[in-house]
Structures are given as C-alpha cells and as structure tokens.
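Heads up: numbering here begins at 1 and tracks the sequence. For ligands, and for the atoms within them, numbers begin at 1 and follow the listed sequence.
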Amino acid sequence: MYPTLSLYIDGQFLSGQGRREQDVFNPATGQVIARLPHASSDDLNAALAAAERAFQSWKKSSPMARSKVLRKVADLARERAADIGRAMTQDQGKPLAESIGEVMACADHADWHAEECRRIYGRVIPARQEGVRQLVLREPVGVCAAFTPWNFPFNQAIRKISAAIGAGCTMVLKGPEDAPSAVVALAQLFHDAGLPAGVLNIVWGVPAEVSEHLIASPVVRKISFTGSVAVGKQLAAKAALLMKRSTMELGGHAPVIVCDDADIDAAVAMLVPFKFRNAGQVCISPTRFYVQEGAYERFVAGFVAGARAVKVGDGLAADTKMGPLAQARRVGAVASFIDDAQSRGATLLAGGAPIPGVGNFFAPTVLADLSEDSRLMTEEPFGPVAGIVRFKSLDEALRRANSLPFGLASYAFTGSSRNAQAISSGLEAGMVSINHIGLALSETPFGGIKDSGIGSEGGLETFDGYLNTKFVTQLN
Ligand code: NAD
C-alpha cells in the first residue's frame, strides 16, 4: 500500500479541503499511485508563522532534548525502513534494497547529529585587560527554508532537518513532488519522536512559486537547497540579495582517474555497481572516466561486461539491480547525451537507448573515445551513462578532470602513493575518494566547490551553516 500524502504544518497533517493537487506516478509502470496536496499561500504563511513561533522556544531547548528527538527518529526509521523503502521504490523507482539501505543509512545520520549537537561549543578568548571576559557563542540562525530533490528523497531531507533542528533552528521544507512519500514519512517520524509542533513543517507545490514565497519572507534567515546548478544559482542569488545565508549542494560531474598501476579488476568491480546505482541519478555518480593507456583495454572490457550484466527492472522485483529513471522527462534528456556523443564520433559499447515498453527504463550505457567537447564530457548526465576516454600522463588527466566548472566528488585508482598524493592535492573537488568508494558517511563532510556548491553537510562541519557566531565581551 502506498501511503496517504499530506502537508505537515504546526504539528498537523493536512490534505484535501479544496487544495490544489498533483498526480504522483510510479516510474516503473507509468501508473498514477497517489495525489499530492499543494500548499496554498495561506498554508505557506501558516508554516512560516509556526516555524517562527516554535523557534522562540526551540532555540532555548537543551541540546539533550534535541538529541533525544533525533535518537528516537533514528530508532523509528530503522523500525519502519521496510515500509518507507517500499513506498520510495514505488514513487522514485530505485531497487527496494537501495531504498531500504537509504533509510538505514539515514538512521545513522540522525544518530550522528544526535551525538554531535551536544558538542556545539563556543570558546573563551584570553583578554588583553584584567577583568574582561571574552566569549564566542554559537547561536541558531533561526527559521530555515529547505528544498530537497527526488533522487535520494529520504537522505537529502533528513540531513538538512537533523542539522537544522540539532542546532536549535526550525524549518519549512519543500520536498520533491515527484517522489514525496519519504518526506511525508520523515514528518511522521519526527512527529512520533516528540518534536514540538512548528519546529518542522513540510510543504508541497510548484517549486519556483514555493521557493519565491519562502525566500522572500522576512521570517526566513537561511536557505538550504540540493539540486541542479542552474536552480541553485537562482536561489543563492535571491538569498544573497536579502543577505540570507545559504547552503548549496549542487550538481557534479565526477571524474574517475584510473592509472596503469591500479588494480584494474578491483576498480571495475567497485565502479560498475556504483555507476548504475539509482540509475546514475546521483550527484556524486562517477561520470567521466579517464583511463591511462596501458590499462585502457582491460578496464573498458571489464566495465562493458559489467554494464551489460546489470539487471534492469521494476525496483520491487527481487533481482533488479537498476530501476527506471525517476521521471519520464529524464528519458529524453539522457538519450540526448548519447546522440550528441555519437554525432561527435564516440563509440557506443553498451546500451544506448530507452528500453521499449511501459516505464522510464533506460539501458545501462557505455561510450568510449569521446571527443572532449561532447556534452557527456562537459555536462552532468544524471543517468545510467558512462563515458570513457584515455590519457597518457597524470598531469594531463588532472588538467582534463579540473577543466569543468564542477567540483563535487572525484575518484581515482592507483597502486602508487606518489600518484595518490598528487591526485588528492591536484583535483579541484570537495571530495576525493582513492582506491575505494567512501563518500557520504554521516561522520564525513559532504559538499562541493566551484559551481557544485557552498557549505558541507555531515561531519563536524554539519552545523556550521545553521549557527551564527556571536562575540560577547564583558568587564566585571
Ligand atoms: P530541475 O533543475 O528542474 O530540478 C532539480 C530539483 O530542484 C528538483 O527537486 C526540483 O523540484 C527543484 N527545483 C526546481 N526549480 C526550483 C525552484 N525554483 N525552487 C526550488 N526548487 C526547485 O531538474 P530535474 O529535471 O528535476 O533534475 C535534473 C537535474 O537536476 C540533473 O541534471 C541534476 O543536475 C540535478 N539534480 C541534482 C541533484 C543533486 O543531488 N545535486 C538532485 C536532483 C537533481
């Protein structure tokens, strides 16, 4: 059974009552599975007022009380992971094991924030003058507006909510209308865990209309967005004009550098499932593969064999390793990258087209020997497509990897510590993962540089975007 969808405002789950609604589709079948209520302008104002009211008491709550709520959310998420995961597969498409895995990993995020919110320390600065005490206090910024996407509907939302409420902020969050069940489930988890009314509010609607309304409100002090670079720049610009803080987790185009001296079979074994996880709709998905000449043939042969073996199907089927694309509009978008690459001379080695029949299914695709200016090598494909090219020297690979405006995740495989060091210091990226896939853990910072964003989620940095620094000096 797919759950009933609602808004969550001031501790109340709301739907119907003449609100505008939109269809929610199952991307594997094309069927409408639910109706999602949109927030009216009055609903948005009610959510803002509730968040503002709740902030007055939540900012004074003890970190122990906040920690207790987050711990309870973690426990409940683990208990409910199967149901939440099933609904997520129905509206987002990813295989059930990935959906359940996402919920379980997010329970870790809630636990991590429960622990770390008790350690938001200020400091004492030794004074120049006797009798003066100088303190640095960290205070919650206030009401936050958050916008989260459809590719990891549970993960992207819980990271923002846990950081905000752990820091003592309150939040109005607009989740992904395409895949809404996970965010409604999250509201229920926080509600059941005893979060006071108004601290978290969930709204839905036309994204640009909702963000316009929320960002413009004087109540909102901070914006947090995960999504495309283009939208992120628009929202960051609006926030900047009003001098509001923002955290932006935007798109990437992750390079993978595979050196001659790497364990090629091990690299292929890790990279194939990682490339096609969530049908490649992942901001840290490996997308541009730079492989050194001596390893090229072996790497390509292994990768193509792996891609051809990926079982594509409905995410609810037990043997499915890759589900459909999350929306029908993505099918044409992904196909256009392949057409463009082929028109510029690339060789198609696997897949290359949508899979005929119902649902947004796309074959796992591998292209080789692409020209440097093909769209696949310059724009984020956000789909199950890998482009593989060769390089001669490491300097050349680093120059090509750094040539784009993106700087989110990056990967490298090498047997030499000298290469590893040159790569980790040479790559322009917020995250570098060498000889394994080790990103997006709750205890490690996640974030990009250049066009890929501002700020980090996770790790000790997780609360930075939600805290003001106040300096107090006092003469006794
Ligand atoms: P899109 O740019 O239209 O939307 C991306 C996300 O932003 C969606 O969740 C959408 O609801 C939201 N959004 C769009 N306009 C908004 C606005 N004015 N205010 C607030 N939110 C808004 O693209 P799409 O077709 O949904 O997704 C495809 C592209 O989005 C991909 O190419 C990828 O680059 C990017 N994307 C990135 C991530 C990520 O994790 N960084 C997640 C999802 C999508």
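Closest of all the heavy-atom pairs between His109 and Arg159 is CE1-NH2, 2.9 Å. Of all heavy-atom pairs between Arg400 and Arg390, the closest is NH1-O, 2.9 Å. Contact between Gly232 and Leu250 at its shortest, heavy atoms only, is CA-CD2, 3.7 Å. Between Phe152 and Glu102, the shortest heavy-atom distance links the atoms C-OE2, 3.1 Å.
Protein heavy atom nearest atom 19 (N) of ligand 1, with residue, atom name and distance: Ser211 OG, 2.8 Å. Counting protein heavy atoms only, atom 28 (C) of ligand 1 is closest to Arg330 NH1, 3.6 Å. Nearest non-hydrogen protein atom to atom 27 (O) of ligand 1 is Trp150 CZ2, 3.4 Å. Residue, atom and distance of the protein heavy atom nearest to atom 43 (C) of ligand 1 are Pro149 CB, 3.4 Å. The nearest heavy-atom contact from the protein to atom 32 (O) of ligand 1 is Phe382 CB, 3.7 Å. The single protein non-hydrogen atom nearest to atom 30 (O) of ligand 1 is Ser228 CB, 3.4 Å, given as residue, atom name and distance. Among protein heavy atoms, the minimum distance from atom 39 (C) of ligand 1 is reached at Cys283 CB, 3.6 Å. The nearest heavy-atom contact from the protein to atom 12 (C) of ligand 1 is Phe225 CE1, 4.1 Å.
Here is the list of ligand 1 atoms found below 4.0 Å of a heavy atom in Gln156: 40 (O). In the vicinity of Glu249, heavy-atom distances shorter than 4.0 Å reach the ligand 1 atoms 41 (N). Atoms of ligand 1 found under 4.0 Å from any heavy atom of Thr226, numbered from 1 in the order shown, are 39 (C), 40 (O), 41 (N). Near Ala208, meaning under 4.0 Å from one of its heavy atoms, ligand 1 places the atoms 17 (C), 18 (N). Atoms of ligand 1 lying under 4.0 Å from at least one heavy atom of Leu250, given by number and element, are 41 (N). The distance from ligand 1 to the heavy atoms of Leu235 drops below 4.0 Å at these ligand atoms: 19 (N), 20 (C).
Of the candidates Val231, Ile223, Ile284, Val210, the one placing a heavy atom closest to atom 14 (C) of ligand 1 is Val231.
Taking the six-membered ring where the residue is Trp, the centroids of Phe463 and His113 are separated by under 6.0 Å. Checked against the 6.0 Å centroid threshold, Phe391 and Tyr290 do not count as a close aromatic pair.
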Take Thr320 and Val312 through the side-chain contact (heavy atoms from CB on, under 4.5 Å) test and state the conclusion after the steps.
CA-CA 6 Å; Thr320 292; Val312 181; over 6 Å; no
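Within a 4.0 Å radius of atom 23 (O) of ligand 1, the protein has no heavy atom.
Using cut-offs of 30° and 60° on the angle between ring planes, the pair Phe299 and Phe289 is tilted.
The shell of residues lying under 4.0 angstrom from ligand 1, judged by heavy atoms, includes Arg329.
Results of the side-chain hydrogen bond (donor to acceptor under 3.5 Å, both in side chains) test with Thr226 over Glu457, Lys160, Glu249 single out Lys160 as the only residue that passes. Screening Thr378, Leu408, Thr287 against His253 for a side chain to side chain contact (heavy atoms under 4.5 Å, CB included) leaves a single residue, Thr287.
Seen from the ring of Phe406, Lys450 does not count as a face-on cation partner, given the 6.0 Å and 45° thresholds.
For the pair Glu380 and ligand 1, the shortest N or O to N or O distance falls below 3.5 Å.
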